[in-house]
Protein chains: 4
Amino acid sequence: MAEQEKNQESFARGRRRSSQSHQAILQAAREVLEQVGYQAMTIEAIAARAGVGKKTIYRWWPSKAAVALESLTSHTEVYVPFPDTGSLERDLTLYFELSFPGLQGKSGTVLSGLAAEAQLDPVFAHEFQRTFIVPRKQELVALLQRGLQRGELAPDTNLEVLADLIYGAKWYRFLLHPAPLDDVFAREIVKLILRLRSEASRT
Amino acid sequence: MAEQEKNQESFARGRRRSSQSHQAILQAAREVLEQVGYQAMTIEAIAARAGVGKKTIYRWWPSKAAVALESLTSHTEVYVPFPDTGSLERDLTLYFELSFPGLQGKSGTVLSGLAAEAQLDPVFAHEFQRTFIVPRKQELVALLQRGLQRGELAPDTNLEVLADLIYGAKWYRFLLHPAPLDDVFAREIVKLILRLRSEASRT
Amino acid sequence: MAEQEKNQESFARGRRRSSQSHQAILQAAREVLEQVGYQAMTIEAIAARAGVGKKTIYRWWPSKAAVALESLTSHTEVYVPFPDTGSLERDLTLYFELSFPGLQGKSGTVLSGLAAEAQLDPVFAHEFQRTFIVPRKQELVALLQRGLQRGELAPDTNLEVLADLIYGAKWYRFLLHPAPLDDVFAREIVKLILRLRSEASRT
Amino acid sequence: MAEQEKNQESFARGRRRSSQSHQAILQAAREVLEQVGYQAMTIEAIAARAGVGKKTIYRWWPSKAAVALESLTSHTEVYVPFPDTGSLERDLTLYFELSFPGLQGKSGTVLSGLAAEAQLDPVFAHEFQRTFIVPRKQELVALLQRGLQRGELAPDTNLEVLADLIYGAKWYRFLLHPAPLDDVFAREIVKLILRLRSEASRT
DNA sequence: AGTTAACCGAGACGGTACGTCTTGTCTTCAA
DNA sequence: TTGAAGACAAGACGTACCGTCTCGGTTAACT
């Protein structure tokens, strides 16, 4: 019914959210992140740079982490596309080589800052998982699935867990372990993964 | 004894308490962590509860993270011993099953809080790696080495990278991915690892 | 130009001021004043309680003080009529006894709040004087004038200054000095004023 | 008793109030008041100018009004001394002529701002009365008392109420009534007061 | 009857100051 | 002469209102 649609839509009273402010805030956040890094970024600095009241930020985002997350994900180039070359080995190697650079420098600081925030703020943790962690993992699983269908992995491979191993290794070195994220690391991981082609010989 | 009463009752300030301060601070940190969690813990709260000046804490530890780290590691039960049963499968399974429970509840919160702090504070990051991350990784590598020597892994396996995969998967689920750290997960990881027994068939 | 004339004359086009909103705002202001006092009253609270947009209030009043002033004066009982009994002593005593109760309790709070606002906001100060202070002073001067014409004051008495003394004493105790506004005070003032009957004996 | 002294004194532990900060805050308050007036003065501006944390101000004063009051009264020249020339007429005239200039300009703004604040903040009202209003009134009563003892006022004159009239007139013109505080006003008030020399002829 | 301008409720906006909080340093005094 | 108590400078926090603006919609006089 038209009535119902009208009712559902009708609670939009008063002035609407300004998309100009929205964009200005995300842009300002990007700039501040670039200049001072995640840790030193403050809501006040974003508001000042965006020419926006602090209230406007708090109205739409619950925390500085949420702003940083959206400013990161709205900046499409951060999202490395998952390759699909027809070869698992090449797909994985390529993915690693494409994604490692983004973990270096300032943008890496932002990502580790968000990971830190997710530990300290359960609300943000959920948002971070929902919009960042889970979708990327699903794409990795899909990449592996393609390899499995081509016979590059054993048919009974638990792809979820395999993806945990792969992403885990990457995040472990990124967040915790003082070891380089470089092509050597990428090659070594891929080498290990590819050995899983053989049929399971043990349960 | 009159002496003891005097010490307990009257102003137990000054040098006399010096030897007790260290323990009192760690104990207070443990209690505060238990009550409010890592995020809400403050140096001031620890000092107040320990009956100690803030300066005394800052004299010995550089940050609240350092206090929490020491209060965690001084609490020996957090350190799960690495098993050595003569079987890689059993060693790994056992290790996972022993270590997963410590990631649940409050002690898990503390650990993830420390991981967060390591992202935000480079000085602490170094300390955290030195006293926690690296030693445990070395023990895992040793565990894998024993398996390799028994022929349970291919001789050319890069154990460093394999350990990154294993620890990575665990930390990934612990810190980032909303998936359970349980026996099923343990078994599935071990299953995948054990397939690496076969000789490398690809570079 | 016809255009200009038209603009200057401002034909009453469009929707007229809603007297319903006008009344609702004054009523809401009275209720909010009653509940939280002048200091804690906000335009937003009045708007919310009146079911009115803030803009509608700002369209018709320049400040919350102006709303409070109108809500006070529209409430006629605050305006004590000036007596005219044929006796200066009785007129003054009666006036004090009638006006003191209105300075007690909530309505007193509002009046002192308006006096405060007049110190902080020059625009409102002018309005407050024009609509409240000056008319009442003129009535007091008229009351004194009647006494003077009856010979109850010396003919060369400066009534303006005498009125300043009388009103001043009342406002001084009301706003600044922690002393009661009661019948004793009224009587003592009147006693002093009545001594001015005698001819000036000093310049 | 030694015990009592000890108890009263003994709770002085930790770092003492910094009189350097105290003075810097009062000085900064004076400067800010001079520059922007009472209304526009903010705690943040005082803190910034004094090179002091806001907390330090809030630790020792409950409100900006309290800071302004102390900065005013610590600035001794604001306190007009009460004259004692041996003549009531000269004393009063002199007092008015000395005190009126201080009500002009910025320092007048401060005083009316404090009077306003006293209407809005009961805690400050009490402090304002205790440290400013009441002592000055007592000095005025003493001035009148000297005149009464010299026979310049009728012996049964209620000096408290007379002081209310005199101070009242001054404050009334200062805060509420748009009329000048000048020598003409001073003379006219004194003329009226001096008529009270005659014995009471009416009760 | 249609046009149009001013009004209306709602509420987002830029802005400002608030009073609180925590950090790491500093000062004082007691034992 | 150490160490508790706690004041200090710094500065971000998240909140509260301010007075303005933008919406979609409603009246009512003027075409």
Side-chain angles (χ1 to χ4, degrees), chain A residues 10-18 20-22 24 40-45 47-48 50-60 62-64, chain B residues 6-7 10-18 20-21 40-45 47-48 50-59 62-64, chain C residues 6 10-18 20-21 24 40-45 47-48 50-60 62-64, chain D residues 9-18 20-22 24 40-45 47-48 50-60 62-64:
Chain A
S10 72
F11 289 106
R13 299 249 260 148
R15 186 175 175 175
R16 299 308 151 75
R17 179 175 189 174
S18 157
Q20 191 178 319
S21 293
H22 189 158
M41 177 179 79
T42 65
I43 295 276
E44 297 204 330
V52 140
K54 286 201 288 176
K55 192 68 186 289
T56 302
I57 299 180
Y58 284 112
R59 211 183 330 261
W60 301 110
S63 62
K64 80 164 185 172
Chain B
K6 219 172 180 179
N7 284 342
S10 73
F11 303 77
R13 304 170 198 121
R15 287 154 33 172
R16 231 175 310 156
R17 234 168 133 175
S18 157
Q20 299 171 353
S21 290
M41 179 178 78
T42 64
I43 294 277
E44 296 209 327
V52 139
K54 285 198 292 177
K55 192 65 182 287
T56 305
I57 298 180
Y58 283 113
R59 211 180 331 261
S63 64
K64 79 164 185 172
Chain C
K6 223 174 179 178
S10 81
F11 286 78
R13 289 251 263 161
R15 188 172 174 176
R16 296 305 158 76
R17 178 175 190 176
S18 158
Q20 193 176 317
S21 291
M41 179 178 78
T42 64
I43 294 277
E44 296 205 329
V52 139
K54 286 200 290 177
K55 192 65 183 287
T56 303
I57 298 180
Y58 283 112
R59 205 175 344 250
W60 303 110
S63 64
K64 80 162 184 172
Chain D
E9 295 223 346
S10 69
F11 288 105
R13 299 248 262 144
R15 185 172 176 178
R16 296 309 150 76
R17 179 174 191 176
S18 158
Q20 193 176 317
S21 291
H22 188 158
M41 178 178 78
T42 66
I43 294 277
E44 297 203 329
V52 140
K54 286 200 289 177
K55 191 70 185 287
T56 301
I57 299 180
Y58 284 112
R59 201 174 348 250
W60 301 110
S63 62
K64 79 164 185 173

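For clarity, every value in this text was computed on a predicted model and none was experimentally measured. Proteins come first, then strands; the chains are lettered A, B, ... in the order of their sequence lines, and each starts at number 1.
- One finds no side-chain N or O of A:Arg16 lying less than 4.0 angstrom from the OP1 or OP2 phosphate oxygen of E:dG11.
- Applying the 4.0 Å criterion to OP1 and OP2 of E:dC8, one finds that C:Trp60 has a side-chain N or O inside that range.
- Here the CH2-CZ distance, from A:Trp60 to A:Arg17, works out to 5.0 Å after rounding to the nearest 0.5 Å.
- Not counting sequence neighbours, the partners of D:Lys54 by the side chain to side chain donor-acceptor pair (under 3.5 Å) test are D:Glu44.
- Comparing C:Ala48 and A:Gly53 by the nucleotide of DNA chain E whose heavy atom lies nearest to each, the residue mapping closer to the 5' end is C:Ala48.
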Completion exercise
In 5'-to-3' order, the base (B), backbone-only (S) or no-contact (-) status of each nucleotide in nucleotides 12-18 of chain F, using a 4.0 angstrom heavy-atom cut-off, is BBBB-SB

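- F:dA9 atom P lies 11 Å from atom CZ of D:Arg17, rounded to whole Å.
- With sequence neighbours excluded, no residue forms a side chain to side chain donor-acceptor pair (under 3.5 Å) with B:Thr56.
- Under the side chain to side chain donor-acceptor pair (under 3.5 Å) criterion, C:Arg59 pairs with no residue, sequence neighbours left out.
- Judged as a side chain to side chain donor-acceptor pair (under 3.5 Å), and not counting sequence neighbours, A:Thr42 has no contacts.
- Shown here are the side chain to side chain contact (heavy atoms under 4.5 Å, CB included) partners of D:Arg15, two or more places apart in sequence or in another chain: there are none.
- Distance CZ (B:Arg59) to P (F:dT1): 14 Å, rounded to an integer number of Å.
- Distance CZ (D:Arg15) to P (E:dT28): 7 Å, rounded to an integer number of Å.
- Between D:Thr56 and F:dA9 there is a side-chain N or O to OP1 or OP2 distance below 4.0 Å.
- Regarding contacts with the backbone of E:dA12, every side-chain N or O of A:Ser21 stays at 4.0 angstrom or more from both OP1 and OP2.
- In this structure, the CD1 atom of B:Ile57 is 10 Å from the P atom of E:dT23, given to the nearest Å.
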